[in-house]
Structure formats: structure tokens, C-alpha cells
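Here's the structure we're looking at; comments come further down.
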Amino acid sequence: MSVGPTGPVGGAPATVPEDPYAMVRTGGYLKLLLVATVIGVPVCAASFGFLTLVHALEPLINEDLPRALGFAGTPLWWPLPMLAVAGLLVGLTIRYLPGNGGHEPADGLTVGGAPALSALPGIVLAALASLSFGAVLGPEAPLIALGGGLAVGAVRLMNLNMPGRAVATVGAAGSFAAVSALLGSPLLGAFLLMEVSGLSGPMLGMMLVPGLLASGIGALIFIGLGNWTGLGTYSLALHDIPRATEPTLAEFGWALVIGVAAAVVASGVRRLSLFLKGRVVRHRVPATVVMGLVVGALAVGFAEATGKPATEMLYSGQSALGSLFRDSAGYSVAALLLLVLCKGLAYCASLSAFRGGPIFPALFIGAAGGVALSHLPGLSLTPGFAMGVGAMCVAMLRLPMTSVLLATLLMGYNGLTVMPLVIVAVVVSYVVALRLTPAAPATPPAAG
């Protein structure tokens, strides 16, 4: 059959495909990039302030407050009342303030629409009470909500008359900017939000460019404010990493073991946290206080059994990753296994009731498990640490590309050396974790 310039001869004219990049060539897209850049600056400053406040409150609550009350140091039992107070504050915030305190961390890391400005006070207060008092959660989810909410709120307050898709893009760019520096790389933040949002094709590029621009601006703002204030950037980074050798056949075998083990542990964490969440939502305030007491009791038990500070088990684990790596020789295998057990159970309780992100505790649990396994033949410390981080991250988040990048970038110049092992561990963990996840019930077809 011959083909004419407009389609098959004798048939209907062929539809000319719409140019997917037409929007990029318009002046409106340049305006969108400018708005994302301008709004990214105050959004990053607000995010830096949030992280500064969290890091300032942690020693204030755990060290300064007991001394002010007349104690010579921090009592062993101190986490119990502090986590109970945190549970009360978080429960009241979720129940009575708009926004439900942000998304439920037991449901995983999700990126929906940006929250309204009226919801941001409740999100910030619930996250501050959770993170500062010692709940086992990270700051990334509140930062994503804060960045997106402030960006969209600024567009609407300035009445820029932008279409809905452009406003959503600015909100995503605000989230990019807020979380990028925290993960140690603007590129890693972009991959995280790209995988979470599930965009693909030309639309991904159009959405990603404003986000990358905002992420770069955000990293510069974080560095500038960190240097100016002397507080640092609060980014995820490790120093003094032992040099990794070329991967061995035994270490590839360990990658399989670590991948399966991480998937099994993460499956248990997800199931238990969702089970507890179902009970917490029925009696929000008292149940959140009880979950706080559970986290506090686990911290006290760990400190009593190992002689380590309770803070080694509390909090997100972000700042403790470096000390775990550096002081790994000071941990026995039994202490490391107890740390994984207590931190994992506290993680479940925190996911079910408190507010924060699921990334950093998963990284810490995976790292501690990798360090424990490195005491066995055929596995050295650096590859075990990296594989544990990547495998546990993907098992909890279901984001394979982000998990590989995070584990390898975290290892600095050793990252390329251990990357093949990390990829194997991540792929195995991802496949096993999905197979361990119950299938969602089929949706019946709509009538008509």
C-alpha cells in the first residue's frame, strides 16, 4: 500500500504526533525556571533552619535539660519520659492541627501534592517533636513537604497566574531543593524524587530540569549558610573510609546473602509497623505515648546491656553512621546484633505513630548488619557496610536506582570499587522484597 504525505492513500489522514518538547521552547518555561530559582532560595533557607533547630534541640533535651534539673549527667532512664512527652506532643499535633502532621511514614516515602500552607505548622511541629526527642525517623519527609508547601504557597501568594502543571512543577522543585543537600548530592536528591514520583519520558525531563536547578541552588545555599554560621551542612557524608579492594568471588556470594537478609528484615519491619499503625490511629494520643515509651524502653535496654549510650540507638542514625564505621572495632558481634534488633523494633514503633522519613534508620540498620557480617570470613568492612546500606534502603523504599547511588556516593572514592557488589545486593533485595510483599487486591471493574 502506498503512503502519501498525510497518511495512507484512501484512508484517514495520519495524526501528526504532538511535539513533547514544545513547552520547553516557550517563554513560559523560562519563566518557570526563573520562578523555581527565585523561590528555591528562601525554601532552602527555611529547610536549613529546620535542620538547625532539630540538631540544636537534640543535645538540649538529652544533655542540657537533665543537668539543669540537677543530675550529674543523663540518667539511664531519661529516654522513657522524654519519648512519652514526644508521643503526647505528636499525638496532640496530629489530632488537632490541620494536615495530620504530614504523611504516615509507615506507608513509605511518597510524594503527593504539596501540602497547603495551613498544614505546614502541624507538619513542622510533629516532625520537631519526633526527631528532637529521639524517635527513630529521618528528616527527609518533613523537608520534602516543607519545600513543596512553601514553594506552592509562595506562587499562590504572589498571584503569578501560572497553570496548574507549572505550579506543581514549582512545588516539586521546592522539594528537590529542600532535600538535595541533606543526601549529600543534588543529583541523588533528584533521583530520589524522580523514582518516587514515577515520571518517565519527555515529561520527566521537563519536570526534572527545574528540580535540578533548584537542587543546585539549594546545595549552594546550604553550603553558604553552613560556612557563614559554622554549623555545617547537615549532609550525609562519611570520612576516613578504609580503602576497598577489588571485589572477590566470596564477596559476591555475600552480596546474595545480604540482599536476602535485608529483604526479610525490611519485610518484617513493614508488616509490624503497619500492624501497629492500625492500632495507633484508633486511639491516636494515648497510643502515640505508648509507642514513645516502647522506643524509650528499647533504648534503655540497649544501653544497660551494652554499656553504650542510649543515643546510639535513638534518632535517625544519620550522624551515627560515621561513628559506627569509625568505631566498629569497639562493637562486639553480639552488641551489633542487639543494636540491629533494638533499632529495628524502635523503627517499627516510630513508623507507626511518629512523623518523619524512613530513609536514614533503614540505612543505619543495614550498615550495622553489614558491619556485623564483616566479622565473618570472606567479607571486609567497607563492602559489607556499603552492601548493607544499599540492600536495606531498597527493601524499605523500593527505589533501586536511588539505593545504588546512595550507597556508592556515601563511600566516596571507594564507591566505584564496591559498586558491582552494591548492585547485586540491591537487585537481590529488591526482587525478594517484592516477592515477600502481599499482592494488592484486584480492583473490580466499574459498572458500565
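The CG atom of Leu421 lies 11.0 Å from the OG1 atom of Thr382; values are rounded to the nearest 0.5 Å.
Checked against the 6.0 Å centroid criterion, the rings of Phe71 and Trp77 qualify as a close aromatic pair.
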List the steps and the verdict of side-chain contact (heavy atoms from CB on, under 4.5 Å) for Leu143 and Leu51.
CA-CA 9 Å; Leu143 283 178; Leu51 290 174; 4.0 Å; yes
Could you walk me through whether Phe133 and Asn62 satisfy the side-chain contact (heavy atoms from CB on, under 4.5 Å) test, starting with their C-alpha distance in whole Å, then the side-chain angles of each, then the deciding distance to 0.1 Å, before giving a yes or no?
CA-CA 8 Å; Phe133 281 82; Asn62 192 61; over 6 Å; no
Could you go through Leu406 and Leu363, starting from their C-alpha distance and side-chain angles, then the distance that decides it, and tell me whether this counts as side-chain contact (heavy atoms from CB on, under 4.5 Å)?
CA-CA 9 Å; Leu406 199 155; Leu363 302 185; 3.6 Å; yes
Stepwise, does the side-chain contact (heavy atoms from CB on, under 4.5 Å) test hold for Leu416 with Thr408?
CA-CA 7 Å; Leu416 290 177; Thr408 52; over 6 Å; no
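At least one side-chain heavy atom of Thr52 sits less than 4.5 Å from a side-chain heavy atom of Phe48. When side chains are defined from C-beta on, Leu150 does not count as touching Pro42, because their heavy atoms never get closer than 4.5 Å.
A donor and an acceptor atom, one from each side chain of Arg398 and Thr437, are located under 3.5 Å apart.
Without hydrogens or angle criteria, Glu58 side chain to Gly134 main chain gives no donor-acceptor distance under 3.5 Å. Using a distance-only test at 3.5 Å, with no hydrogens or angles considered, a donor-acceptor pair links the side chain of Ser352 to the main chain of Ala349. Tyr331 contributes no side-chain N or O that, together with a main-chain N or O of Ala368, makes up a donor-acceptor pair within less than 3.5 Å. Listed for the Trp78 side chain is a donor-acceptor partner under 3.5 Å among the backbone atoms of Ile61. Judged by distance alone, with hydrogens and angles left aside, the side-chain atoms of Thr93 form no donor-acceptor pair with the main-chain N or O of Ala126 at under 3.5 Å. Panel note: side chain Ser267, backbone Ala263; no donor-acceptor pair is recorded below 3.5 Å. Between the side chain of Thr306 and the main chain of Lys308, a donor-acceptor pair closer than 3.5 Å is present. Listed for the Ser374 side chain is a donor-acceptor partner under 3.5 Å among the backbone atoms of Val371. Judged by distance alone, the side chain of Arg355 and the main-chain N or O of Pro105 form no donor-acceptor pair under 3.5 Å. Side chain of Ser429 to backbone of Ala425: no donor-acceptor contact under 3.5 angstrom is found.
Ala353 meets the side chain to side chain contact (heavy atoms under 4.5 Å, CB included) test with Val280, Thr288, Met291; sequence neighbours excluded.
For the side-chain contact (heavy atoms from CB on, under 4.5 Å) with Arg95, the lone residue among Val90, Asn100, Val285 that qualifies is Val285. Tested against Pro400, the residues Leu405, Val427, Val394 include a single side-chain contact (heavy atoms from CB on, under 4.5 Å) partner, Val394. Among the candidates Leu337, Leu339, Leu345, the single residue satisfying the side-chain contact (heavy atoms from CB on, under 4.5 Å) test with Leu341 is Leu345.
The environment of CG in Leu434 is crowded: more than 12 heavy-atom neighbours from other residues, nucleotides or ligands sit within 6.0 Å.
Residues in residues 276-298 take part in these salt bridge (charged side-chain N to carboxylate O under 4.0 Å, His left out) pairs, two or more places apart or across chains: Glu104-Arg284, Asp107-Lys277. Residue pairs meeting the ring-ring contact (aromatic ring centres under 6.0 Å, His included) criterion with at least one partner in residues 384-404, sequence neighbours excluded, are Phe325-Phe385.
When all heavy atoms of Leu314 and Val295 are compared, the pair lying nearest together is CD2-CG1, 3.8 Å.
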